Amino acid sequence: MPGVIDVWDARSFDLGLLKVLKEQAEEITSYFDTDHAIFLSYDNLDGPDRPILRPDNPHAAAYYALLDRVGDLLASRTIRAFHYTRLTDDEVAELRRSGIHLSTPTTLRRRLDALVVSGALPADIGDQLYDASPFHSEQRDARSEKFWMVSHPIAFDDKGVAPLMARWGGEVASFWVSDAALFAPLARLGKARIAEIAVPLEATRHSHAASKAVVATFGRARGAIPEKSVFDLYLKASLPASAVFALHTEGDAAFIAMGRTYPADFVDVDVGRWKELTGEED
């Protein structure tokens, strides 16, 4: 994927980004190493030996200034992100044809109507699902005009993403539905899918979160042990079909291996991190 950055793989960083990171390499590792020492001497310490105040990290100002600088650089770059969902074959065909569209009451109504016309969903259930959507609550602004993803690959059976693939409709149609008569048919609709998407960060509001992950990844490559800094992100503009460069369906080899041995270069650095930090088993 030329030109696409994996925020979790320093080998995917372009030369301009690497130049800035290498210039600040000493400050980056000093910040993370000091943060580790503070964790051991304060955060992970109980009892009378614990200091009253958490020590300051003297490298914090340089670290946060670097996050801002890297965030500005990333604003013009594209990263790989992952979308976990459940789609019918017709919806997959539409995704490949017209690309990614933001979630709105109108698009939800259109999707439900398509299922009704195809005979996959009774009309009354379609209406009830539409009426029960968070779009018709105080969550409207939080849900509307967005398309949500995650920055790092996550295993399909992780509790954070499994519910999104268990039933058709996601957070705007079925996630909050507790009526079995409504959600039971949705578990039979479509198949679980994981989409890999090339996301221009200028189409999001998450350049700063991406900078935190990129700096952590670079610090890891230099021997520090920060957490991976996984983050959720959403689009604020539609993307063409070409942005979806891979789509994995439940049962596919890549779907099963996602977040474990796929993508090939991915390593979940948070697994075993407690032992790295403390020398103790999880």
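Just so you know, these numbers use all the heavy atoms, side chains as well, and skip hydrogens, waters and symmetry mates. None of these values were measured; they are calculated from a predicted model.
In terms of modelled atom types and a separation under 3.5 Å, the side chain of R167 and the main chain of L186 share no donor-acceptor contact. Side chain of S151 to main chain of F231: a donor-acceptor pair is present (N/O by atom type, distance under 3.5 Å, no hydrogens or angles). Under a 3.5 Å cut-off, the side chain of Y63 and the backbone N or O of N57 do not form any donor-acceptor pair. The closest donor-acceptor contact from the side chain of R188 to the backbone of A120 lies at 3.5 Å or more, if one exists at all. Listed for the E91 side chain is a donor-acceptor partner under 3.5 Å among the backbone atoms of T88.
No more than 12 heavy-atom neighbours from other residues, nucleotides or ligands sit within 6.0 angstrom of NZ on K22.
Side chain to side chain, E26 and S30 fail the donor-acceptor criterion of an N or O pair below 3.5 Å.
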Apply side chain to side chain contact (heavy atoms under 4.5 Å, CB included) to the pair F218 and V20, showing each step before the final yes or no. CA-CA 11 Å; F218 182 82; V20 171; over 6 Å; no
Are L73 and V214 close enough, and set up right, to give a side chain to side chain contact (heavy atoms under 4.5 Å, CB included), and what steps lead you there? CA-CA 11 Å; L73 289 173; V214 161; over 6 Å; no
Report the C-alpha distance between R273 and V269 in whole Å, list the side-chain angles of each, state the deciding distance to 0.1 Å, and finish with yes or no for side chain to side chain contact (heavy atoms under 4.5 Å, CB included). CA-CA 7 Å; R273 184 168 177 264; V269 298; 5.9 Å; no
Check against side chain to side chain contact (heavy atoms under 4.5 Å, CB included), M149 and L235: CA-CA 8 Å; M149 300 156 289; L235 291 169; 3.7 Å; yes
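Note: the hydrophobic cluster containing V117 does not contain L112 (ILVMFWY, side chain heavy atoms under 4.5 Å, direct or indirect links). L66 and L18 fall within a single hydrophobic cluster, where Ile, Leu, Val, Met, Phe, Trp and Tyr side chains are chained together by heavy-atom contacts under 4.5 Å.
For the pair R50 and Y42, the cation-pi criterion (under 6.0 Å, within 45° of the ring axis) is fulfilled.
In terms of heavy atoms, S207 sits closest to G71 at CB-O, 3.5 Å. The two residues I256 and G251 come nearest to each other via the heavy atoms CD1-O, 3.5 Å. When all heavy atoms are compared, the tightest approach of V116 to P122 is CG2-O, 4.0 Å.
Distance CZ/F39 to CD1/I225: 9.0 Å, rounded to 0.5 Å. Between the CZ atom of R80 and the CG atom of D9 there is a distance of 8.5 Å, given to the nearest 0.5 Å. How far OG of S242 is from CD1 of I197: 11.5 Å, rounded to the nearest 0.5 Å. Rounded to the nearest 0.5 angstrom, T104 OG1 and F147 CZ are separated by 13.0 Å. To the nearest 0.5 angstrom, T34 atom OG1 is 11.0 Å from H36 atom NE2. Separation of atoms CG (L45) and CG (L40) is listed at 9.5 Å; rounding is to 0.5 Å.
H152 places a side-chain heavy atom less than 4.5 Å from the side chain of K228. Using a 4.5 Å cut-off on side-chain heavy atoms (C-beta onward), P200 and R77 make no contact. Side-chain contact between S238 and H101 is present, with at least one heavy-atom pair separated by less than 4.5 Å. Two residues are said to be in side-chain contact when any heavy atoms from C-beta on lie closer than 4.5 Å; L102 and T107 fail this criterion. In this structure the side chain of D6 never reaches within 4.5 angstrom of the side chain of P263, judged on heavy atoms. Side-chain contact check for D68 versus H208: some heavy-atom pair is nearer than 4.5 Å. Considering only heavy atoms from C-beta on, F32 comes within 4.5 Å of I28 through its side chain. No side-chain heavy atom of L115 sits under 4.5 Å from any side-chain heavy atom of R111.
Between H206 and Y234, the ring center distance clears the sub-6.0 Å criterion. In this structure, the ring of F135 has its center no less than 6.0 angstrom from the ring center of Y130. The ring of H248 has its center closer than 6.0 angstrom to the ring center of Y262.
Each side-chain hydrogen bond (donor to acceptor under 3.5 Å, both in side chains) pair with one or both residues in residues 210-226, not counting sequence neighbours, appears once here: R220-E276.
Contact check on D89 versus R193 returns a salt bridge, with a Lys/Arg side-chain nitrogen under 4.0 Å from an Asp/Glu carboxylate oxygen. For D252 and K191, the salt-bridge test fails: no basic side-chain N is under 4.0 Å from an acidic carboxylate O.
With sequence neighbours left out, the side chain to side chain donor-acceptor pair (under 3.5 Å) criterion links D56 to no other residue. Remark: K19 engages E23 in a side chain to side chain contact (heavy atoms under 4.5 Å, CB included) (not counting sequence neighbours).
Between L201 and the choices V7, T78, I79, the side-chain contact (heavy atoms from CB on, under 4.5 Å) rule is met once, by I79.
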